[in-house]
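The figures here come from the full heavy-atom set of this structure, side chains too, leaving out hydrogens, waters and symmetry mates. Computed from a predicted model, the values in this text were never measured in an experiment. First listed ligand is number 1; within each ligand, the first listed atom is number 1.
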Amino acid sequence: MKNNLKIFAALFVVALLNSCGNGSSSKSGSALSSSAAEKVYVAPGEHDSHYAFLSGGYSGNLTVYGLPSGRMFKEIPVFSQFPTSGYGYSEETKPMLNTSHGFIPWGDSHHPDISQTNGEIDGRFIFINENNTPRIAKIDLKTFETTEIIEVPNSAGNHSSSFVTENTEYVVAGTRFSVPIPQRDMPIKDYKGNFKGALSFISVEPEHGHMDIKFQVLMPGFNYDLSHPGRGKSHGWFFFTTYNTEEASTLLEVNASQNDKDFIAAINWKKIEEYVNNGGGTMMPANYAHNVYDEATHTATSTMKKEVRVVNPSEVPGAVYLLPTPKSPHGCDVDPTGEYIVGNGKLSANLTVHSFTKMLDAIENKKFDGDAYGIPILKFEDVLAGSVEQPGLGPLHTEFDGKGNAYTTFFISSEVVKWKLGTWEVLDRKPTYYSVGHLTIPGGNSGKPQGKYMFAMNKITNLPTGPEMEHSAQLYDISGDKMELLLDFPTHGEPHYAAAMRADIIKERSQKIYNLEDNKHAYAAKSDDDTKVVRKGNEVHIYMTTIRSHFSPDNIEGIKVGDKVYFHVTNLEQDFDVPHGFAVLGQNTSELLIMPGQTKSSVWEPKQVGVWPFYCTDFCSALHQEMQGYIRVSAKNSNTKLAWSLGEDIE
Ligand code: K7E
Ligand code: CUA
């Protein structure tokens with residue numbers, strides 16, 4: 001940490017000098033060249049060339065940025081309740097956050113990954129993991145909305161997730177913590193040999209992207225840290241880094257660092273898929289939620305699934321191997337050709353790169369070095385492609401530019417190092433502001449990286465905002481031989497990984513409005529004539545519409561304390577970018593943000609008699625401030641008549 005602080009302080013001083021106007025003369029220390037600002041300047045009205053989707057870490061969300069400007073466009077709520085849009089508050093979206101443990105409106109999301117076709121990023125969906133209550137979400141890039149969340153049973157600390165295969169056959173989710181499978185009451189000290197690690201292969205239906213857990217591989221009780229799909233020649237395989245192969249259950253900082261080498265687990269998923277398609281594996285009882293948002297009804301449903309198919313590696317000989325990798329590897333990255341598998345050993349002096357070709361060769365010639373719980377361990381020397389000697393301290397993650405170069409982040413020495421695949425020579429290094437985690441090259445996790453930019457995500461900025469400073473990302477131009485630092489921009493939550501891609505592909509597919517005609521919401525009111533208020537016992541359903549600049553109805557009477565009042569608000573607008581909002585005084589789930597053509601509902605259980613105002617929360621026209629109404633709440637035993645109106649008095 002001390003070193004980091006020193007580097008941080010040095011950079012800070014350099015930044016100050018630069019701002020005094022004498023920075024350009026100091027060549028070695030200058031963090032930014034004078035033309036950097038021009039390279040990131042996107043004029044008002046112009047669009048950025050790339051989208052970047054940064055995970056929010058403990059915000060549970062995904063944030064959308066433009067590159068090269070570093071402007072934040074949107075925060076997409078995924079695993080959190082989100083007041084801005086009412087996600088997780090509205091009746092339609094509450095089911096999205098349902099789990100086998102009940103309603104969980106918080107998550108820890110680390111690794112977004114965009115869907116692919118033929119090994120290229122296609123911009124249809126983006127997937128992201130939730131660590132704490134293991135879940136995988138899918139966001140539709142047509143609407144930038146979370147449309148599906150599946151819980152992952154038998155998993156814990158769902159971290160080696162969510163990475164997609166080259167035709168989005170699967171989105172893969174690996175457990176970080178091993179646990180008893182099935183979960184049961186047992187002594188923690190009996191971990192070793194008894195806990196297991198589940199690696200889940202979630203199939204993605206090609207047309208709509210519906211997710212389903214096809215099978216789980218029950219691996220030995222290691223920690224599965226990160227993963228990547230094979231691609232090109234290694235398509236059909238998946239690679240997972242492991243640590244704690246010691247299977248310690250206490251003081252892991254010491255006890256999980258004993259072994260000189262841990263493993264990268266190589267899984268031939270095609271082989272296991274074939275086994276499963278022929279009826280292989282065992283259905284085991286499980287309990288997990290599958291939540292799907294339906295675009296026609298604008299409503300999510302949550303279904304509890306009751307079983308999952310599991311496969312033990314011993315059932316499918318030749319499907320699982322272990323590649324020794326020094327030392328507690330974190331990132332597990334595969335180059336665009338699929339030949340090289342990089343294991344970023346956090347505690348190792350060198351970066352280890354394995355060769356897929358050599359791995360196949362070693363398997364064929366049975367060059368094994370023992371086994372772990374029956375899984376063959378390949379000999380380190382037989383699978384090693386090469387190593388980058390002493391490139392830095394604390395390697396975490398590697399990305400590729402598609403031109404034969406790799407870029408690795410070093411957490412302890414706070415830098416990004418560029419090196420060459422095949423020759424393993426270090427070509428360039430650039431400091432980062434503070435301890436860096438992941439880095440991203442647009443399309444970097446595919447067979448076709450989209451060059452030009454790379455950004456590194458750091459654990460802090462130097463902007464004083466109270467005891468906690470926001471994190472930051474740093475953007476580099478990587479089109480030349482040397483990396484050029486262009487920009488530093490603050491980020492939200494704690495970004496871990498990010499996915500990025502060319503903007504044009506997403507822009508083309510972007511949806512502008514929801515067609516009112518296609519709205520199949522059970523409580524939609526598609527014109528002012530459909531508006532009504534219906535009482536069913538103590539439930540009151542208000543079918544309401546909005547259009548610039550009024551609600552219909554805007555006067556409602558006959559509500560009583562103790563009622564459960566549902567506001568079902570349909571936005572009748574059919575123009576781009578005219579949402580209306582809805583909130584009523586005293587409602588604890590206030591705030592709906594309703595897009596054109598959409599219906600959203602919120603529930604209100606008024607506790608006090610009175611005449612309470614409601615209003616539009618989104619500045620929608622010059623008469624936005626006039627967009628308001630009143631709802632009268634009477635005593636429980638009153639006989640105020642249920643009535644509603646627009647443009648006239650209730651008699
Ligand atoms: Cu390295 Cu969760 Cu991908 Cu953070 S992880 S940095
Ligand atoms: Cu509608 Cu403001």
Mind telling me whether [Y] and [X] have parallel, tilted or perpendicular rings, with 30° and 60° as the class edges?
X: His624; Y: Phe619; answer: tilted
X: His228; Y: Tyr497; answer: perpendicular
X: Tyr523; Y: Tyr543; answer: tilted
X: His298; Y: Tyr514; answer: perpendicular
X: His438; Y: His330; answer: tilted

Using a 4.0 Å heavy-atom threshold (strictly under), name the region of His330 that reaches ligand 1: side chain, backbone, both or neither.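 It is the side chain that touches ligand 1; the backbone stays farther off.
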With a 4.0 Å heavy-atom cut-off (strictly under), which part of Lys459 contacts ligand 1: side chain, backbone, both or neither?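 Side chain only.
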Flag for Asn223-Asp225: side-chain donor and acceptor within less than 3.5 Å: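 No pair is found: no donor N or O on one side chain lies under 3.5 Å from an acceptor on the other.
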Compute whether any side-chain donor of one residue and acceptor of the other, for Thr84 and Glu75, lie under 3.5 angstrom apart.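 There is no such pair (donor and acceptor under 3.5 Å, judged by atom type) between the side chains of Thr84 and Glu75.
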Within less than 2.8 Å of atom 2 (Cu) of ligand 1, how many protein N/O/S atoms are there?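 Considering protein N, O and S only, atom 2 (Cu) of ligand 1 has 2 within range.
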Would you please name every residue forming a side-chain contact (heavy atoms from CB on, under 4.5 Å) with Pro395, sequence neighbours left out?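 So Pro395 forms a side-chain contact (heavy atoms from CB on, under 4.5 Å) with Asn344, Leu351, Thr408, Phe410.
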Check side-chain contact (heavy atoms from CB on, under 4.5 Å) between Asp488 and all other residues, then give those that pass, not counting sequence neighbours.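 For Asp488 the side-chain contact (heavy atoms from CB on, under 4.5 Å) partners, ignoring immediate neighbours, are Tyr433, Ser472, Gln474.
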Quick one: name the protein N/O/S atoms under 2.8 Å from atom 2 (Cu) of ligand 2, chain by chain.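 Listed by chain and number: Cys616 SG, Asp618 O, Cys620 SG, His624 ND1.
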With a cut-off of 4.0 Å, which atoms of ligand 1 are near a heavy atom of His397?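 Counting atoms of ligand 1 from 1, those under 4.0 Å from His397 are 1 (Cu), 3 (Cu), 5 (S), 6 (S).
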Pair Phe240 + Phe238: ring centers closer than 6.0 Å: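 Aromatic pair counts; centres sit under 6.0 Å.
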Spacing of Lys138 atom NZ and Ser162 atom OG [to the nearest 0.5 Å]: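 Rounded to the nearest 0.5 Å, the NZ-OG separation comes to 12.5 Å.
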